[in-house]
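Reviewing the structure listed below.
Reminder, nothing fancy here: chain letters follow the sequence lines and each chain counts from 1.
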Amino acid sequence: MRWSQTFIPTMKEVPAEAEVPSHQLMLRAGLIRQLMAGAYTYLPLGYRSVRKVSEIVRQEMDRAGAVELFMPALQPIEIFERTGRREAFGNVLFNFEVKRGDRKLHFALGPTHEEVITDLMARHISSYRQLPITLYQIQTKFRNEERPRFGVLRTSEFIMKDAYSFGSSLEQLNAAYDAMYNAYCKIFQRCGLKYLPVEAESGPIGGDASHEFMVPASNGEDFVVHCPACGYAANQERAETGRSSKVPAPVDGSAAPVKVDTPNAGSIDQVSRLLKSAATSFIKTLIYKADGQPVAVLLRGDHTANEGKIRRASGAASVELADEATILAATGAPVGFAGPVGIKCRVLVDHDVALIEKAIVGANEKDAHLTGVVPGTHFQFSETFDLRNAEAGDSCPRCGRNLEIVHGIEVGHVFKLGTKYSVSMEAKYVDAQEQSHPIIMGCYGIGVTRVVASVVETCHDENGIIWPLSIAPYSVEVIPLNVTDPEVMKISNGIYDELISSGIDVLMDDRDQRPGFKFKDADLIGIPLRVTIGGKGLAEGIAEIKWRTDSEAKKVPLADVIGYVKDLIAEKQMS
RNA sequence: CGGGCUAUAGCGCAGUCUGGCUAGCGCGCUUGACUGGGGGUCAAGAGGUCGUGGGUUCAAAUCCCGCUAGCCCGACCA
């Protein structure tokens, strides 16, 4: 492609609305333009990268035995009602009514396609002999994000590869899951991304039923708990801590707790300032409703609760923070003054709470706290749990070394769904004994556009993008330094044509601009290999060839340029 | 959805507090000349509903009220 014939609107200055590097560079390099919050046009250069990622995804999906299809983005709202996800998605689901004749139809735009594909399979799978099968598509998804941000990293409309596996046994599910997991590793590796498969919250199925693929990036919205020593990685929702503690025996004769006035100080922050004590000496008492029953959850004051862990520890199917009335009933005090001493409900104690020697707790009385509370003595418990989010410095559950927290961008997710959708959509098969069972499903997503943004986010320098060859919009940029010089253009056109005939993606900057201008743009758009043809070089009979990451170009005799470039590209592709 | 910030030429901004001449600057764009290896120089130009609706005033980019859009922080995110 000749630059003069395509559309690459580069910008020297950073648009004010862009804060993160990927957003800034994608705008400046002419990859994307915003239409409105959360919706972007992929310009020719950006779309080429999107297509390259898609193609890699396609190849690896096919190789893993998945088959491609294409489903409607437009879906009847009823199928979301069948699975209960109309409510689960809530406002995130785009849905609207349209008139058709004298009827009114209610549609949704697909945020993902479990319903559509399960409905399809329900109609056509009847026997275990038809299983297993994995289907996928690459398609635009719609989610009414409450807050689109970070350019293309979080949008209301984005391209996603979604795959769904259907099987008749856990073995088939596990095989499909493993095939997808491995394919994902290959895909992200081929896209030049540093990624981390992390254990993710997997709901009632438990175990290793879900992994997220995260790209470590300081602007990532998600937190990954990672052990650099053994490689353990999990998202913050899921991450276990390697902590445990003994239940302290009651101490006879220890001083009784002292009640102190804490008027209008209901938060840890307020009370710790009032009493001049660190948050680590507080016990935070959170009242949850576990399957409707009040439960008090005790955490050290500076820690944050993890609802998934609380749910598992309580043995309940669902937990939520209690409302004010429930808190009043359980503690006898308004929100902010709950404490474990004398509380009238079940109590779950986090490991770290047992280690506090003299704690400050709510007094279960308005505007009052207790100090000098000794866990195990002034309130009893028989067991401690892991109830909070992991933090940097916690010990690793696998190897005991220190965990660290890294930010990450979620680019993929694999999930063992089980029978949630097949039950509600009545997707069943009969086994060899003619018994009917719900099909066992898995779902597997990759944010294609997010992969592109993640690469830009993590692969750049102060001059611009540094594309990995595999997903670069073009592999080679040919730069004739002076387009008014017939000799320069003759040679440049020759190289350009020959490289194209060799099947290489080439961009030629044939604009009548000064060399410095073109070099700056070349660095900005980050095409991996640069071939420069100028009057000085021609006098020596050479062209200059350099990788985007090289500081010095290599002088290559004109006759050898094509072969040299082909070799470099082939070599890079092998590595 | 709560809190904050912003809106003036394609991009980045000044002007707004303290109302007043023809609304400015840099980049980019057009034309010409010079120039030609890291965003060049000179000259001449084009380009503006000052986000939008209302109000105050002799007079509004500027003050007041409403609305809209965008961005940031938080909540949310199968």
Side-chain angles (χ1 to χ4, degrees), chain A residues 9-20 23-24 27-28 30 33-39 80 83-93 108 110-115 118 141-151 153-156 158 160 162 164 200-205 210 212 219 221-222 235 237 304 307 321 410 413-418 420-421 424 441-445 447 450 462-464 479-485 488 509 511-524 530 532-540 542-544 546 551-553 555:
Chain A
T10 57
M11 281 188 289
K12 195 159 147 183
E13 284 176 289
V14 182
E17 76 262 18
E19 297 243 325
V20 300
H23 192 193
Q24 295 178 345
L27 287 168
R28 287 189 56 213
R33 283 295 181 271
Q34 184 181 58
L35 175 65
M36 59 181 178
F80 289 96
T83 58
R85 290 214 297 175
R86 180 178 181 182
E87 203 179 22
F89 272 117
N91 199 241
V92 172
L93 186 68
T112 176
H113 280 67
E114 278 83 358
E115 283 81 2
T118 309
K141 298 288 189 259
F142 298 88
R143 294 181 194 180
N144 182 30
E145 291 292 348
E146 295 296 326
R147 189 180 158 208
R149 62 181 130 175
F150 297 143
L153 279 173
R154 188 167 196 77
T155 51
S156 305
F158 57 97
M160 176 170 157
D162 48 324
Y164 307 89
E201 189 53 45
S202 46
I205 300 176
S210 170
E212 288 169 351
N219 288 303
E221 291 184 273
D222 297 294
N235 71 11
E237 229 184 358
T304 54
E307 289 194 10
L321 270 173
E410 182 185 350
H413 197 166
V414 292
F415 199 100
K416 293 180 188 174
L417 279 176
K420 176 174 180 329
Y421 295 95
S424 54
M441 294 174 57
C443 68
Y444 317 92
R450 204 180 251 192
E462 66 279 11
N463 295 315
I479 305 184
L481 288 185
N482 184 350
V483 298
T484 59
D485 180 333
V488 167
D509 190 350
R511 296 173 299 173
D512 185 7
Q513 293 286 359
R514 300 172 67 86
F517 186 94
K518 294 201 203 182
F519 289 145
K520 287 288 186 192
D521 259 358
D523 286 346
L524 179 59
R530 193 178 89 185
T532 308
I533 294 111
K536 286 183 187 169
L538 289 192
E540 296 177 54
I542 57 104
E544 291 150 66
K546 80 181 260 304
S551 50
E552 293 297 322
K555 295 181 177 180

**Study point:** Watson-Crick/G-U partner (both atom distances under 3.5 Å) of B/rA23
**Key:** none
Check your understanding: Expressed in angstrom and rounded to an integer, what is the separation of A/Gln513 atom CD from B/rU35 atom C1'?
Key -> 13 Å
Check your understanding: Taking CD from A/Glu221 and P from B/rC73, how many angstroms apart are they, rounded to a whole number?
Key -> 9 Å
Review point. Taking a pair as Watson-Crick or G-U wobble with both distances under 3.5 Å, which nucleotide is matched to B/rA43?
Key: B/rU31
Check your understanding: How would you list, by chain and number, every residue that makes a side chain to side chain contact (heavy atoms under 4.5 Å, CB included) with A/Thr532, sequence neighbours excluded?
Key -> A/Leu481, A/Phe519, A/Arg530, A/Glu544
Check your understanding: What nucleic acid atoms does A/Arg511 come within less than 4.0 Å of, heavy atoms only: base, sugar-phosphate, or nothing?
Key -> nothing
Practice item. Please state whether the base of B/rG38 and the side chain of A/Asp523 form at least one donor-acceptor pair under 3.5 Å? Key: yes
Point to revise | Side-chain-base donor-acceptor pair under 3.5 Å for A/Arg530 and B/rG37 | key: no
Point to revise | Same-atom distance (C1') from B/rU8 to B/rU52, integer angstrom | key: 14 Å
Exercise for review: Taking only the side-chain heavy atoms of A/Lys536 (C-beta and beyond), determine which of B/rC71, B/rG37, B/rG74 contains the nearest atom.
Suggested key: B/rG37
Practice item. Output yes when at least one side-chain N/O atom of A/Gln34 is less than 4.0 Å from OP1 or OP2 of B/rC71, else no. Key: yes
Study note, to complete from the structure: Contacts of A/His23 meeting ring pair (Phe, Tyr, Trp, His ring centres under 6.0 Å) (sequence neighbours excluded), chain-then-number -> A/Tyr40
Review point. Taking any strand in view, what nucleotide pairs with B/rA7 in a Watson-Crick or G-U wobble way, both distances under 3.5 Å?
Key: B/rU68
Check your understanding: Got more than 12 heavy atoms from elsewhere within 6.0 Å of CD, A/Glu552?
Key -> no
Point to revise | Side chain of A/Arg514 (C-beta onward), nearest among B/rG74, B/rG40, B/rG39 | key: B/rG40
Point to revise | Test side chain to side chain contact (heavy atoms under 4.5 Å, CB included) applied to A/Asp485 - qualifying residues, sequence neighbours left out | key: A/Asn482, A/Glu487, A/Val488
Exercise for review: Go through the structure and list residues passing side chain to side chain contact (heavy atoms under 4.5 Å, CB included) with A/Val92, not counting sequence neighbours.
Suggested key: A/Phe89, A/Arg143
Check your understanding: What's the NE2-C1' distance between A/His23 and B/rC72, to the nearest Å?
Key -> 13 Å
Practice item. Please state how far atom CG in A/Asp509 lies from atom C1' in B/rG36, giving the value in whole angstrom units. Key: 15 Å
Check your understanding: To the side chain of A/Arg28, which of B/rG37, B/rG39, B/rA78 is closest?
Key -> B/rG39
**Study point:** Under 3.5 Å: donor-acceptor pair, side chain of A/Arg33, backbone of A/Pro9
**Key:** yes
Review point. Can you check the A/Asn219 CG to B/rC71 P distance for me, whole Å?
Key: 15 Å
Exercise for review: Report which part of the nucleic acid A/Gly445 touches: base, sugar-phosphate, or nothing (heavy-atom distance under 4.0 Å, all strands).
Suggested key: nothing
Exercise for review: For B/rC21 versus B/rC11, give the span between their C1' atoms, rounded off to a whole number of Å.
Suggested key: 30 Å
Check your understanding: In whole Å, what separates the C1' atom of B/rU57 from that of B/rU62?
Key -> 13 Å
Revision key, fill the gap. By the Watson-Crick or G-U definition, both distances under 3.5 Å, B/rC50 is matched with none
Check your understanding: Between the side-chain atoms of A/Asp485 and the base atoms of B/rG36, is any donor-acceptor pair under 3.5 Å?
Key -> no
Check your understanding: What interatomic distance, in whole Å, is found between C1' of B/rA7 and the corresponding atom of B/rU49?
Key -> 14 Å
Revision key, fill the gap. Closest to the side chain of A/Arg147, out of B/rG70, B/rC72, B/rA78, is B/rC72
Point to revise | Spacing of the C1' atoms in B/rA23 and B/rU16 (rounded, Å) | key: 12 Å
**Study point:** Residue list, side chain to side chain contact (heavy atoms under 4.5 Å, CB included) with A/Ser424, at least two apart or on another chain
**Key:** A/Thr83
Point to revise | Rounded distance in Å between the C1' positions of B/rC73 and B/rU18 | key: 33 Å
Review point. What is the pairing partner of B/rC1, taking Watson-Crick or G-U wobble pairs with both distances under 3.5 Å in any strand?
Key: B/rG74
Check your understanding: Roughly how far, to the nearest 0.5 Å, is OG of A/Ser156 from CD of A/Glu146?
Key -> 9.5 Å
Practice item. Using the P atom on both, measure B/rU56 against B/rC13 and round to a whole Å. Key: 35 Å
Study note, to complete from the structure: The Watson-Crick or G-U wobble partner of B/rC63, with both key distances under 3.5 Å, is B/rG55
**Study point:** Interatomic distance at C1', B/rG19 relative to B/rC50, whole Å
**Key:** 15 Å
Review point. Atom CG of A/Asp509 and atom NZ of A/Lys518: how far apart are they, to the nearest 0.5 Å?
Key: 4.5 Å
Check your understanding: Rounding to a whole Å, what distance do you find between A/Phe142:CZ and B/rA78:P?
Key -> 19 Å
Practice item. Classify the nucleic acid contact of A/Glu19 as base, sugar-phosphate or nothing, counting any heavy atom under 4.0 Å across all strands shown. Key: sugar-phosphate
Practice item. Would you mind telling me which residue lines up with the more 5' stretch of RNA chain B, A/Glu544 or A/Pro148, judged by nearest nucleotide? Key: A/Glu544
Review point. When the distance from CG of A/Asn91 to C1' of B/rG2 is rounded to whole Å, what number comes out?
Key: 15 Å
Check your understanding: With side chains defined as the heavy atoms from C-beta onward, is the minimum distance between A/Asp521 and A/Gln513 less than 4.5 Å?
Key -> no
Check your understanding: Counting side-chain heavy atoms from C-beta on, which of B/rA78, B/rG37, B/rC76 comes nearest to A/Tyr421?
Key -> B/rA78
Check your understanding: Closest nucleotide of RNA chain B for A/Lys546 versus for A/Glu114: which of these residues is on the 5' side?
Key -> A/Lys546
Check your understanding: Across the strands shown, which category fits A/Asp512 at heavy-atom distances under 4.0 angstrom: base, sugar-phosphate, nothing?
Key -> base
Exercise for review: Would you mind reading off the distance between A/Glu146 atom CD and B/rC72 atom C1', rounded to a whole angstrom?
Suggested key: 17 Å
Practice item. Assign A/Asp521 to base, sugar-phosphate, or nothing according to its heavy-atom contacts below 4.0 angstrom with the strands shown. Key: base
Study note, to complete from the structure: Letter by letter from the 5' end, nucleotides 9-14 of chain B scores (B base, S sugar-phosphate only, - none; protein heavy atoms under 4.0 Å) --BSS-
Point to revise | Side chain to side chain, A/Glu115 and A/Tyr421, heavy atoms closer than 4.5 Å | key: yes
